Novice: 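Below is the structure I would like to discuss, written out as structure tokens.
Note that the structure is predicted; figures quoted are calculated from it, not measured. Proteins come first, then strands; the chains are lettered A, B, ... in the order of their sequence lines, and each starts at number 1.
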There are 2 protein chains.
Amino acid sequence: MARGRQRGEADTASEILDVAERLVQVRGFNGFSYGDVASELEITTAALHYHFAGKAELGEALIERYGARFADALGEIDQHDADPAQKLEAYADLYLDVLRDHRMCLCGMLAADYDTLPKPMRNAVVRFFDDNEAWVGGVLEHGRAEGTLQFTGSASDAAQMIVSGLEGAMLVARPYGDTDRFQAAASRLLAGLTHTPRRRRRKPASLA
Amino acid sequence: MARGRQRGEADTASEILDVAERLVQVRGFNGFSYGDVASELEITTAALHYHFAGKAELGEALIERYGARFADALGEIDQHDADPAQKLEAYADLYLDVLRDHRMCLCGMLAADYDTLPKPMRNAVVRFFDDNEAWVGGVLEHGRAEGTLQFTGSASDAAQMIVSGLEGAMLVARPYGDTDRFQAAASRLLAGLTHTPRRRRRKPASLA
DNA sequence: GTCTATAGGCAGATAGAC
DNA sequence: GTCTATCTGCCTATAGAC
């Protein structure tokens, strides 16, 4: 049969990616070593080099897989949710799931490490944010056209704030070990778009 | 006289902190070494160990000084700006100044590295966020009482979103090398508090 | 205060056996 | 595919001279 390995459930390359991914998300790209991955999988670093030429290539593979998985998740949201506001909530929940695992967003973490990354990894990180902002921007445009979402300026600007706001909420929530903290910030970020706050002693909109 | 040194304008300890601070803000706590600091100052790592027992102690000193400087800046804002909305803008400008220097917020960066930090550094990072959120929360409460700021929920919750939102905006803007990107996100974060958006075909507030 | 010298460890990486 | 063995280099840290 097609799987004659003696260790692990999945193929070694996937297991390496799994472990390395978690290590990057928890410790940062400069906070783990080939040795860490190898010892966790009970193999040697030489075996790692067989599957990934070096740490840079491993990093590239990490972002590629993470981005693809995220893209899949966005596709699923598109399928299951029609309402833009619900889509945004589902989007924020993707981040929440990562945080619940005591992890930072892979690319948020790599954004912190950005200046130390090899060029191909840098490009892949930026691509991740571009893709996410494009998707969120599309949802926002749709919602505005529909009348269910309200915001000023361009959809891509607003999308950029949503994405970076969620990244920041994760970043700061992790030291507190507090997912509620993230959820409060995430709701608040989206609340500004999904419903207009009741006004407080303000001139009527006629002035606008 | 009180300064008989042969190198540098300031005392060595301060110069070490200056260099180390920039390195942490640009490369992260695990992205620089004692050797990097030493070679930049054209001294040896042994000299560094004279001033700071180890990297952990250097890190603690870094956060302490950064926090104190930030607290000073907040005090200055309190002196010069009376209007809560202006205070918030001035607050965001503190972050902008850091970003213009191609740096991440020190504690934002350390939040990413959090899981790899020694305990005393962790505590100091959380304290930094607590202090910032407390100050922003105070501004928000004042603004709401005054009627110049509008937001739902607790001031501390809203403050938490502002702080983490600004951190995230920095985090994501840095890979793009784009301060405009930060400014757009920062304005949008604050816009939700400083003026209520004009409503779009919505049921009147009577339903709420 | 800063140096030289050095320790001991771990980093990423490679050659070659099996 | 995975191993052993090994390399080179850098890491943090310390001892002791000046």
Novice: Ion pair present between Arg100(B) and Asp97(B), side-chain N to carboxylate O less than 4.0 angstrom?
Specialist: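 Salt bridge present between Arg100(B) and Asp97(B).
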Novice: I need the CG-P distance between Leu58(A) and dA11(C), as an integer number of Å.
Specialist: 14 Å
Novice: Looking at Asp18(A), is its backbone amide N or carbonyl O close enough to the side chain of Glu21(A) to form a donor-acceptor pair, meaning the two atoms are under 3.5 Å apart?
Specialist: no
Novice: Roughly, in whole Å, what's the span from OH in Tyr50(A) to P in dC3(D)?
Specialist: 13 Å
Novice: Do Phe70(A) and Tyr95(A) have ring centres separated by under 6.0 Å?
Specialist: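 Phe70(A) vs Tyr95(A): aromatic centres under 6.0 Å.
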Novice: Considering only dA11(C), dC11(D), dT2(C), which nucleotide approaches the side chain of Ser33(B) most closely?
Specialist: dC11(D)
Novice: Among the candidates dG1(D), dT4(D), dT2(C), find the nucleotide nearest to the side-chain atoms of Thr44(A).
Specialist: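 Selected nucleotide (nearest to the side chain): dT4(D).
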Novice: Whole angstroms only, please: what is the CG-P distance between Asp36(A) and dC10(C)?
Specialist: 11 Å
Novice: Find the distance Leu41(B):CG to dT2(C):C1' and express it as a whole number of Å.
Specialist: 13 Å
Novice: Are the side chains of Gln183(B) and Asp180(B) in touch, meaning some heavy atoms are under 4.5 Å apart?
Specialist: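 The answer is yes, as the side chains (C-beta and beyond) meet within the 4.5 Å cut-off.
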Novice: One character per nucleotide, please: for nucleotides 13-18 of chain D, 5' to 3', B when the base has a protein heavy atom closer than 4.0 Å, S when only the sugar-phosphate does, - otherwise.
Specialist: BBB---
Novice: Taking CZ from Phe32(B) and C1' from dC10(D), how many angstroms apart are they, rounded to a whole number?
Specialist: 15 Å
Novice: With Thr194(A), which of Asp83(A), Leu149(A), Thr148(A) fulfils side-chain contact (heavy atoms from CB on, under 4.5 Å)?
Specialist: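 So, applying the side-chain contact (heavy atoms from CB on, under 4.5 Å) to Thr194(A) and each of Asp83(A), Leu149(A), Thr148(A), only Leu149(A) qualifies.
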Novice: Does the side chain of Leu58(B) come within less than 4.5 Å of Tyr34(B)'s, by heavy atoms?
Specialist: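 Tyr34(B) reaches Leu58(B) side chain to side chain.
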Novice: Sorted by first residue and then second, give each side chain to side chain donor-acceptor pair (under 3.5 Å) pair with at least one member in residues 111-124 of chain B; sequence neighbours left out.
Specialist: Asn30(B)-Thr116(B)
Novice: Do the non-hydrogen side-chain atoms of Trp135(A) and Asp78(A) ever get within less than 4.5 Å of each other?
Specialist: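 A side-chain contact under 4.5 Å exists here.
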Novice: What's the CG-C1' distance between Asn30(A) and dG12(C), to the nearest Å?
Specialist: 13 Å
Novice: Just how far, in rounded Å, is P of dC11(D) from CZ of Phe29(B)?
Specialist: 14 Å
Novice: Any side-chain N or O of Thr12(B) under 4.0 Å from OP1/OP2 of dG1(C)?
Specialist: no
Novice: Considering only heavy atoms from C-beta outward, does the side chain of Thr44(B) approach that of Tyr50(B) to under 4.5 Å?
Specialist: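 No, their side chains stay 4.5 Å or more apart.
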Novice: Between dT4(C) atom P and Glu42(B) atom CD, what is the distance in whole Å?
Specialist: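 Value for this atom pair: 13 Å.
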Novice: Mind running a 4.0 Å heavy-atom check of residues 110-117 of chain B against DNA chain C and sending the residues that fall below it, in number order?
Specialist: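 DNA chain C contact set from residues 110-117 of chain B: none.
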